[in-house]
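Here's the structure, in structure tokens; my notes come after.
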Amino acid sequence: MSVPTSTTGAQPLVVRTRSALRAALEAPAPTAARAPAGAAPSGTQGTGPAGPDGHGATRAVVMTMGALHDGHLQLVRAARERVGPTGHVVVTVFVNPLQFGPDEDLDRYPRDLDADVALLAGLPEAAPGRPAVDLVFAPSVEEMYPGGDPIVRVTSGRIGTVLEGAFRPGHFDGVLTVVLKLLHLTRPDVAFYGEKDAQQLLAIRRMVADLNVDVEVVGVPIVRDDDGLALSSRNAYLSAQERADALTLSRALRAGAEAAAAGQGGAGAIEVASGMLNEHPGVVVDYLALVDPTTVDDLEPEYVGPALLLVAARVGSTRLIDNLAVDVAPPVTSTARPGGTQ
């Protein structure tokens, strides 16, 4: 899938500190995208429920860890569409150490802020001379956690103990802690997250609801490459053979969804998808599960209705996740035929 490679000339403002972010956000609306990085507050941007052009929001945030691809850009497009040409879009770029385990890829996670900003600048302008992204907040670890690892953190509760949480203990606590900090710092009306990280999106929604955070959370559908592979910054780690193996994930999910829709039930969906995954020795499955899409709870064997089929697997040294919405149809029953045969 192609992504923009040239800039429009309307560049987003990049700030690296909390004080510069605050100054940029508090600048008068006409100049917020051009506020000097060290400027003192000179006005207040409106954030009421009736935003500009009737879009209902004046500031949107898209949180990323950088290494941007078209999946991230789709979040930005959705954010810009929501706030309109006069609203403000903020993108955060921060590789959060709290959500990485001791044996995970924190040190080698791809980082290239200049390339990320160039991609954002290559998006169509919101208005003449107005970039699609007004502001990029790219803090250092020391800026986000000035006292070192925080003593007080957000707990993800039961959501953080199953599926991804079971394989990555503490991961969702780290995610929710940084998300809450970034929501406080950017003060958006609406925040956009990708549905590829389905359990993360659910955890964020529950945190926002349970802690009364005044922001609307919007999920954006998974963006896939032409061959069906869900876009991920970690896809850059895959060799040609590993990428071919990785395609098994999306294919298995589709096959499982088809089985569920054909009346084979949740167990049938898991059996079909698992069978496809097991045919590829290059794919080592951490989990494959069919769950309630609003709670990630396991489903009863007789369940009928909407569900979410999730998979996490290692392909070579790269760990990938994917998911697909599933409609579990009523089971197929035999029908009596003439002559007493079935």
Side-chain angles (χ1 to χ4, degrees), residues 71 156-169 171-172 175-176 193-207 209 217-225 227-232 234-235 245-315 318-334:
S156 53
R158 189 196 63 78
I159 294 175
T161 66
V162 299
L163 301 175
E164 280 295 285
F167 281 88
R168 305 179 68 186
H171 169 70
F172 287 114
V175 169
L176 295 184
Y193 301 93
E195 292 180 353
K196 184 174 78 69
D197 297 297
Q199 192 174 355
Q200 172 180 287
L201 177 58
L202 174 61
I204 292 170
R205 282 179 164 149
R206 287 308 304 257
M207 177 188 72
V217 175
V218 175
V220 177
I222 297 173
V223 178
R224 298 183 182 276
D225 218 330
D227 56 10
L229 185 65
L231 295 191
S232 168
R234 290 186 169 92
N235 290 351
D245 291 338
L247 296 178
T248 308
L249 273 65
S250 58
R251 291 169 180 165
L253 292 178
R254 289 197 301 271
E258 291 169 359
Q264 297 182 39
I270 292 292
E271 182 179 0
V272 169
S274 179
M276 290 190 66
L277 292 166
N278 291 337
E279 290 176 359
H280 292 265
V283 177
V284 179
V285 177
D286 280 350
Y287 62 78
L288 173 70
L290 187 71
V291 301
D292 185 311
T294 62
T295 65
V296 297
D297 287 339
D298 292 332
L299 299 173
E300 297 295 330
E302 67 275 10
Y303 176 82
V304 172
L308 192 64
L309 186 59
L310 305 101
V311 64
R314 297 184 183 275
V315 182
T318 304
R319 189 173 186 276
L320 301 174
I321 61 173
D322 201 350
N323 68 81
L324 192 64
V326 172
D327 183 18
V328 182
V332 176
T333 57
S334 300

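Only a predicted model underlies this, so the values are computations on that prediction, with no experimental measurement involved.
Counting only heavy atoms from C-beta outward, the side chains of V326 and V328 approach each other to under 4.5 Å. You'll find the side chain of V217 reaches within 4.5 Å of the side chain of L201, heavy atoms only.
Taken to the nearest 0.5 Å, the CG atom of L247 stands 9.0 Å off from the NE2 atom of H280. If you take OG on S250 and CZ on R224, they are separated by 5.5 Å, rounding to the nearest 0.5 Å. Here Y193 contributes atom OH and L202 contributes atom CG; the two are 13.5 Å apart, rounded to the nearest 0.5 Å. The CD1 atom of I222 sits 11.0 Å away from atom OG of S232, with the distance rounded to the nearest 0.5 Å. Between the CG atom of L163 and the CG atom of L288 there is a distance of 10.0 Å, given to the nearest 0.5 Å. Distance check, rounded to the nearest 0.5 Å: CG of L324 to CG of L249 gives 11.5 Å.
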Distance-only criterion, 3.5 Å: show the donor-acceptor pairs between side-chain atoms of residues 299-315 and protein atoms not counting sequence neighbours.
from, atom 1, to, atom 2, distance (Å)
Y303, OH, P306, O, 2.5

Would you tabulate the side-chain donor-acceptor contacts of residues 257-279 under 3.5 Å, counting partners in other chains and residues two or more places apart, or write 'none'?
from, atom 1, to, atom 2, distance (Å)
S274, OG, N278, ND2, 3.3
N278, ND2, S274, O, 3.2

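The number of heavy atoms from other shown groups lying within 6.0 Å of CZ (R206) does not exceed 12.
Scored by the side-chain hydrogen bond (donor to acceptor under 3.5 Å, both in side chains) test, N235 finds no partners at all (sequence neighbours excluded). With sequence neighbours excluded, the residues forming a side chain to side chain contact (heavy atoms under 4.5 Å, CB included) with V162 are R158, Q199, V296, listed by chain and number. With sequence neighbours left out, D327 forms a salt bridge (charged side-chain N to carboxylate O under 4.0 Å, His left out) with no residue at all.
Of all heavy-atom pairs between G160 and S156, the closest is CA-OG, 3.2 Å. Residues A230 and K196 come closest through the heavy atom pair CB-CD, 3.7 Å. Between P281 and V284, the shortest heavy-atom contact is O-CG2, 4.5 Å.
For residues 285-294, the pairs satisfying side-chain hydrogen bond (donor to acceptor under 3.5 Å, both in side chains) are E164-Y287, D286-R319, D292-T294, with sequence neighbours left out.
Taking a cutoff of 4.0 Å between a charged side-chain nitrogen and a carboxylate oxygen, R254 and D322 do not qualify as a salt bridge.
One N or O on the side chain of D227 and one on the backbone of L229 form a donor-acceptor pair closer than 3.5 Å.
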